[in-house]
Amino acid sequence: MRHILAFVLILFSAFSVWADDAVIAYVKTVTGEASVTTAGKQVKAEVGTPVMLGSKLKTGPKSSMGVTFKDETMMSLGADSELTVDEYLYAPAQGKLKMGSKLGKGSLNYVSGVIAKLKPDAVTIATPSGSIGVRGTQFLVKVEE
Amino acid sequence: MPTKLIKCFLAGSCILALTACAPKSYVVLLESPDGTTGQVIVKGQKGEQVISTARHAVPADGSAPPVAVDLVKLEKDFGDAMAARPKLPAHFLLYFESGGIKLTKESLALLAKILEDANTRPAPDISVIGHTDTAGNDKTNEALSLKRAKAVAEMLKEKGLKARELTVESHGERNQLVKTPDNTQEPRNRRVEVSVR
């Protein structure tokens, strides 16, 4: 029994080092100049760059970036875009589901994931002139002043 | 003027309305990757609109009902964002012999497919979620589904899985694939789900 316990503990610690609960999405595609800013710290976006709650995603001219969230929501940005992820809760076993983002400028391709599937009302994408509710689908948004 | 022509003319002017004097900020509904079409609800400063038809658009302030968008405009405004869309996530279901962590023969063979898929992705992040059927009590099942998920994660690592992140979760008997009463043996519920993103 002690052996098993020791083994489980080793396994557990190995996983907790590997997994980071604060990460809600990863950058999967990038072209040109793109960045992820989290808690005031800006890093160049590369494939594998983590996205946290509150992160701001930015792309420059002739650039783009795509991210996949834990619940399989996908968001990709065209050139000169700014997206902030303000709310994200994904714990389906506890029924905790929420996603709120804001497209400040530019263009966005959104593909819904598990959160929109299980609880459509829990997803909102805001723009400077309104908000978008999602009923399990894919859509595009362009924001231009 | 024949009716057909009038219809054509009207449809043409609708598309034009969005191309020529188009709102600068707007929302377009597309088909989902699975081929179905859902809905988006746009609540803006100037009204509320619902889009239910793919490739139809409304202004982001909700000021006008949906109109068709032409594909040239879509490509011009969204070509780069659409091209940046990540690869669709993949799901795999692995099944177990009753009561333990032994995979069925078919599921054992599926491990190689999971690796193959993960290797095609940039920085894959993977969730391994364990489930049981309702035979036996909740606590034992919670522990068993965790053991199953961990066993699968270990096997994938042994086979050389290189992941950006690998998380292991346990849902016990709470999240059944096939709804059964308590204390029911159901092979399809004895499973581990692997989601590769």
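Values reported hereafter were calculated over all heavy atoms of this structure, with side chains retained and with hydrogens, waters and symmetry mates removed. Lettering of chains follows the sequences in order, A, B, ..., and the numbering in each one begins at 1.
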Checklist entry - Using a cut-off of under 4.5 Å for heavy-atom pairs, which of B:Gly38, B:Ser32, B:Pro86, B:Ala123 has the most such pairs with chain A? => result B:Pro86
Checklist entry - Could you walk me through whether B:Val128 and B:Thr167 pass the side chain to side chain contact (heavy atoms under 4.5 Å, CB included) check? => result CA-CA 6 Å; B:Val128 180; B:Thr167 53; over 6 Å; no
Checklist entry - When you measure from the side chain of A:Gln94 to the backbone N and O of A:Lys96, does any donor-acceptor pair fall under 3.5 Å? => result no
Next on the checklist: If I measure from the heavy atoms of chain B, does A:Val143 come under 4.5 Å with its side chain, its backbone, both, or neither?
Outcome noted: both
Checklist entry - Any idea which of A:Thr124, A:Thr49, A:Ile132 has the most non-hydrogen atom pairs under 4.5 angstrom with chain B? => result A:Ile132
Checklist entry - Any side-chain heavy atom of B:Leu29 within less than 4.5 Å of one from B:His56? => result no
Checklist entry - Have A:Ser64 and A:Thr59 got a donor and an acceptor in their side chains that come within less than 3.5 Å? => result no
Checklist entry - Do any N or O atoms from the side chain of A:Asp71 and from the backbone of A:Val114 form a donor-acceptor pair under 3.5 angstrom? => result yes
Checklist entry - Between B:Glu142 and B:Lys139, does at least one N-O distance fall below 4.0 Å, as a salt bridge requires? => result no
Next on the checklist: With a 4.5 Å cut-off on side-chain heavy atoms, are B:Tyr95 and B:Arg148 touching?
Outcome noted: no
Item to check | Close contacts, residues 134-141 of chain A versus chain B, judged by heavy atoms under 4.5 Å | outcome: A:Val134, A:Arg135, A:Gly136, A:Thr137, A:Gln138, A:Phe139, A:Leu140, A:Val141
Report, one line per pair, each donor and acceptor closer than 3.5 Å where one atom sits in a side chain of residues 189-196 of chain B; sequence neighbours left out.
| from | atom 1 | to | atom 2 | distance (Å) |
| --- | --- | --- | --- | --- |
| B:Asn189 | OD1 | B:Leu177 | N | 2.8 |
| B:Asn189 | OD1 | B:Val178 | N | 2.8 |
| B:Asn189 | ND2 | B:Val178 | O | 2.8 |
| B:Arg190 | NE | B:Phe96 | O | 3.3 |
| B:Arg190 | NH1 | B:Asp133 | OD2 | 2.9 |
| B:Arg190 | NH1 | B:Gln185 | OE1 | 3.0 |
| B:Arg191 | NH1 | B:Asn175 | O | 3.3 |
| B:Arg191 | NH1 | B:Asn189 | O | 3.4 |
| B:Arg191 | NH2 | B:Asn175 | O | 2.8 |
| B:Arg191 | NH2 | B:Glu193 | OE2 | 3.4 |
| B:Glu193 | OE2 | B:His131 | NE2 | 3.2 |
| B:Ser195 | OG | A:Glu72 | OE2 | 3.0 |
| B:Ser195 | OG | B:Arg197 | NH1 | 3.1 |

Item to check | Contact check, side chains of A:Ile125 and A:Met75, non-hydrogen atoms, under 4.5 Å | outcome: yes
Checklist entry - Within residues 28-44 of chain A, which positions have a heavy-atom distance to chain B below 4.5 Å? => result A:Lys28, A:Thr29
Checklist entry - Taking the side chain from B:Arg55 and the backbone from B:Val28, do they hold a donor-acceptor pair closer than 3.5 Å? => result no
Checklist entry - Quick check: does any side chain N or O of B:Asn141 sit under 3.5 Å from a backbone N or O of B:Glu173, one acting as donor and the other as acceptor? => result no
Checklist entry - Does any heavy atom of chain B fall under 4.5 Å from the side chain of A:Phe69, the backbone, both, or neither of them? => result backbone
Checklist outcome for this item: Whatever's closer than 4.5 Å to a heavy atom in chain B on A:Met65 counts as backbone
Checklist entry - With distance as the sole test, does B:Asn119 use its side chain to make a donor-acceptor pair with the main-chain N or O of B:Leu115 at under 3.5 Å? => result yes
Item to check | chain A contact via B:Lys87 - which portion, at a heavy-atom distance below 4.5 Å | outcome: backbone
Item to check | Pairs of heavy atoms under 4.5 Å with chain B: top-ranked of A:Ser81, A:Gly133, A:Ala79 | outcome: A:Gly133
Item to check | Donor-acceptor under 3.5 Å (A:Asn109 side chain, A:Leu77 main chain) | outcome: no
Checklist entry - Checking heavy atoms, do the side chain of A:Leu108, its backbone, both or neither come under 4.5 Å from chain B? => result backbone
Can you list, pair by pair, the side-chain donor-acceptor contacts under 3.5 Å of residues 45-53 of chain B, counting residues two or more places apart and other chains?
| from | atom 1 | to | atom 2 | distance (Å) |
| --- | --- | --- | --- | --- |
| B:Gln45 | NE2 | A:Pro128 | O | 3.4 |
| B:Gln49 | NE2 | B:Gly62 | O | 3.0 |
| B:Ser52 | OG | B:Gln39 | NE2 | 3.0 |

Next on the checklist: Between B:Gly44, B:Pro122, B:Ser127, who has the most heavy-atom pairs with chain A when the cutoff is under 4.5 Å?
Outcome noted: B:Pro122
